Amino acid sequence: MRQYIIAGNWKMNKTVSESVTLAQGIVAAVKNIKKTEVVIAPTFLAAAKVADVVKGTNVKLALQDIHWKDQGAFTGKISVDMAKEIGAEYIIIGHSEQRQYFHETEETVNLKVKKTLSAGLKPIICIGETLEQRNGGKLESVLRTQIVGAYKDISVEDALKSVIAYEPVWAIGTGVVATDEQAQDTQAFVRSVVKEIYGEKVSEAISIQYGGSMKPDNAAGLLAQKDIDGGLIGGAALKPDTFFAIIAAAEAR
Ligand code: PEP
């Protein structure tokens with residue numbers, strides 16, 4: 001049985017005090033959640049304060065990005081040691097907004113995945129196609145390139161510690177969600193590529209989240225699909241009640 005993971009990506013939302021309040025609301029809401037791994041990813045600025053809120057609870061901390069160097073002259077970046085010190089367990093890597101606006105490439109994704117794993121943290125590796133790529137018949141080649149690139153020179157043992165988030169770019173923040181069938185078909189393809197690289201045991205063990213306008217009213221259908229093992233949630237993660245409704249749908253599966 002694969003681990004269900006519902007992760008909230010807060011992006012550039014919430015001040016530090018708002019982040020603390022949101023984290024407190026989520027901690028209270030999910031205290032009886034047992035099977036589903038609940039993860040929240042605040043801004044870097046709020047992360048240390050949010051870490052204090054989630055410490056000792058069943059809510060895990062993620063950061064939204066990482067640099068692959070240990071330290072030094074990299075203005076605006078943070079290292080895995082910094083993430084580790086405050087208790088982060090997951091790092092979101094290769095989000096489509098990073099790829100689209102901040103020059104993330106297959107190579108930098110791979111460097112970040114390696115660094116994250118070497119520090120004992122778990123990467124949530126984001127992949128996904130644009131509408132143009134999907135309509136142009138490039139869905140599979142785009143995803144294959146992203147998966148092969150992210151896992152370049154990563155051992156089986158390390159691959160088992162990773163999580164994949166399949167996020168069609170056209171569904172992120174748009175309110176346009178993939179149908180249950182579209183999502184399932186693509187997630188199954190993603191798992192088949194992992195199988196090509198690492199074999200069936202690994203591909204059956206890795207959690208693959210769906211992300212892209214997952215909301216309380218569509219979560220149950222998506223999470224019922226056999227290759228969807230949770231969600232990476234943007235907008236609906238910014239309120240305890242909507243985030244909790246999605247977690248409850250995962251827990252009920
Ligand atoms: C995301 O940013 O990863 C995401 C899925 O956002 P939203 O849920 O708002 O579409």
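Being a predicted model, the structure only gives us computed values, none of them experimental. Just so you know, ligand 1 is whichever comes first in the structure, and atom 1 is the first atom listed for that ligand. What's counted below: heavy atoms across the whole structure, side chains too, no hydrogens, waters or symmetry copies.
Contact check on K152 versus E107 returns no salt bridge, with no Lys/Arg side-chain nitrogen under 4.0 Å from an Asp/Glu carboxylate oxygen. The pair D158-K114 does not meet the salt-bridge criterion, since no charged nitrogen lies less than 4.0 angstrom from a carboxylate oxygen.
Considering backbone and side-chain N/O of G173, one or more are found under 3.5 Å from N/O of ligand 1. Note: an N/O pair closer than 3.5 Å links S213 and ligand 1 by distance alone. Residue E97 places no N or O, backbone or side chain, under 3.5 Å from any N or O of ligand 1. Residue G235 has at least one N or O atom closer than 3.5 Å to an N or O atom of ligand 1.
From the protein, the heavy atom lying nearest to atom 3 (O) of ligand 1 is E167 OE2, 2.5 Å. Nearest protein heavy-atom contact of atom 8 (O) of ligand 1 is G234 N, 2.8 Å.
Under a 4.0 Å heavy-atom criterion, K215 is not in contact with ligand 1. Ligand 1 is approached by G212 to a heavy-atom distance shorter than 4.0 Å. At least one heavy atom of A171 sits less than 4.0 Å from an atom of ligand 1.
Judged purely by atom type and a 3.5 angstrom limit, R99 uses its side chain to pair as donor or acceptor with the backbone of C126.
Counting the atoms of ligand 1 from 1 in the order shown, those under 4.0 Å from a heavy atom of L232 are 3 (O), 5 (C). Atoms of ligand 1 found under 4.0 Å from any heavy atom of I172 (numbered from 1 in listed order, with element): 1 (C), 2 (O), 4 (C), 6 (O), 10 (O). Near H95, meaning under 4.0 Å from one of its heavy atoms, ligand 1 places the atoms 1 (C), 2 (O), 3 (O).
A donor-acceptor contact closer than 3.5 angstrom links the side chains of Y166 and E129. Checking Y151 against Q146 by side-chain atom types alone, no donor-acceptor pair falls below 3.5 Å.
Residues Q71 and S79 are not in side-chain contact: their nearest non-hydrogen atoms beyond the backbone lie 4.5 Å or more apart. The shortest side-chain heavy-atom distance between I164 and I127 falls under the 4.5 Å cut-off. Two residues are said to be in side-chain contact when any heavy atoms from C-beta on lie closer than 4.5 Å; V194 and I197 fail this criterion.
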